[in-house]
Enquirer: 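Here it is: the structure, laid out below.
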Amino acid sequence: MQELRNVPNENKKEAGQKINEAKQYIENAIAEKLAEIKEKEIEMLINATESYDETMPVSVDYGSYHPITLVQREVENIFLSMGFNVEDYSEITDDYNCFEALNIPKHHPARDMQDTYYLSSNQLLKTHTSAAQNTILRKYKSNLESGNPIRAIFPGRCFRNEKIDACHENTFFQMEGIMVDKDISISNLIYFMKTMLSEVFQRDITVRLRPGFFPFVEPGFELDIQCSICGGKGCASCKDSGWLELCPCGMIHPNVLTAAGIDPEEYTGFAFGLGLTRLAMMKYEVKDIRLFNSGNLKELSQFTDVSFTHPEESKEA
Ligand code: PHE
């Protein structure tokens with residue numbers, strides 16, 4: 001139509017007619033196709049096998065496990081097979097357990113990293129699963145007296161005052177692990193971490209260990225795993241670094257052992273804080289951490305492996 005003005009006057013009429021004819025033809029064709037699609041859509045709705053009856057009783061056959069539950073259970077199974085106890089701990093705790101007992105006194109700068117939600121009862125939402133270390137160490141202290149190690153893992157939901165984006169959440173899951181005995185060293189720590197990760201991923205994964213500071217371990221490390229989403233090239237999920245911090249760890253600080261009534265001269269131990277949410281992201285190649293708390297059943301249900309059973313469940317059965 002725009003070109004019409006360049007057509008010599010004597011041909012304008014004919015050209016205009018031709019263009020209008022073509023336009024009409026195209027418009028009709030589109031309208032026809034649209035009507036056809038609409039019809040098919042209606043047909044599909046009528047024939048749809050998917051129907052929903054809200055009066056139906058809830059059946060246990062429906063629904064699926066949350067991907068974090070799946071990863072948690074998988075890691076639990078691995079550690080159970082290595083003689084660890086699986087422990088539970090509350091989401092609400094206090095300043096002593098979350099910080100003081102972990103060698104993080106009031107006003108220590110390490111607290112800045114773990115701002116949380118404080119309750120009016122002088123309690124707080126735990127910022128890390130390490131908050132249970134004191135309680136669990138005390139619970140199993142008698143093991144040491146009878147010549148046995150303390151071996152425990154404790155998964156849990158943690159909370160931090162975070163700005164939410166593709167890789168940060170204010171609510172996430174960790175799994176803490178501790179082992180204390182005579183002569184426990186960094187090599188024990190590395191062995192358990194490697195065994196666990198190769199089991200979870202069922203393939204060789206690239207990890208790196210670098211120094212990391214946490215007041216409750218000495219020495220402390222960051223165990224990073226190569227980002228499986230971009231293969232180490234760098235993407236939004238790994239903040240363009242190619243690596244994801246997965247498992248901070250280290251040798252339990254003597255002050256932490258002392259706070260639990262264990263003699264650090266006699267016993268040593270390691271602790272790790274596995275990022276369960278991170279691990280689920282890596283394992284299932286979830287690009288955005290916000291999916292986990294989204295309640296988006298369509299997305300969340302696709303990870304369930306129905307053949308998977310937890311030892312606790314098969315016991316019940
Ligand atoms: N609790 C630490 C955190 O969440 C992680 C950690 C656990 C570090 C155990 C060392 C040993 O940041």
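Reckoned from all heavy atoms, side chains included, excluding hydrogens, waters and symmetry mates. Whatever order the structure lists ligands and atoms in, that order sets their numbers, starting from 1. Residue numbers run from 1 in the order of the sequence given. Everything numeric in this text was worked out from a predicted model, so none of it was measured.
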Enquirer: Any ring-ring contact (aromatic ring centres under 6.0 Å, His included) pairs touching residues 165-201, not counting sequence neighbours?
Expert: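 Output for this query lists F84-F192, F192-F270.
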Enquirer: Determine yes or no for a side-chain-to-main-chain donor-acceptor pair under 3.5 angstrom, with Q302 supplying the side chain and E299 the backbone.
Expert: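 Yes; at least one donor-acceptor contact below 3.5 Å.
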Enquirer: Salt bridge or not between E43 and K40? Use side-chain N to carboxylate O under 4.0 Å.
Expert: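 No, no charged N to carboxylate O under 4.0 Å.
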Enquirer: List ligand 1's nitrogen or oxygen atoms that come under 3.5 Å of a protein nitrogen or oxygen, with the partner atom and distance.
Expert:
| residue | atom | partner | partner atom | Å |
| --- | --- | --- | --- | --- |
| ligand 1 | 1 (N) | H128 | ND1 | 2.8 |
| ligand 1 | 1 (N) | S130 | OG | 2.7 |
| ligand 1 | 4 (O) | R160 | NH2 | 2.8 |
| ligand 1 | 4 (O) | Q174 | NE2 | 2.9 |
| ligand 1 | 12 (O) | R160 | NH2 | 3.4 |

Enquirer: Would you find more than 12 non-hydrogen atoms of other residues, nucleotides or ligands less than 6.0 Å from E10 atom CD?
Expert: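 For E10, atom CD is crowded (more than 12 foreign heavy atoms under 6.0 Å).
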Enquirer: Which ring-ring contact (aromatic ring centres under 6.0 Å, His included) pairs, counting each pair once, include a residue from residues 100-149, with sequence neighbours left out?
Expert: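 Residue pairs with at least one partner in residues 100-149: H128-F216.
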Enquirer: Identify, with sequence neighbours excluded, every residue that meets side chain to side chain donor-acceptor pair (under 3.5 Å) alongside S142.
Expert: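 Residues passing side chain to side chain donor-acceptor pair (under 3.5 Å) with S142: none at all.
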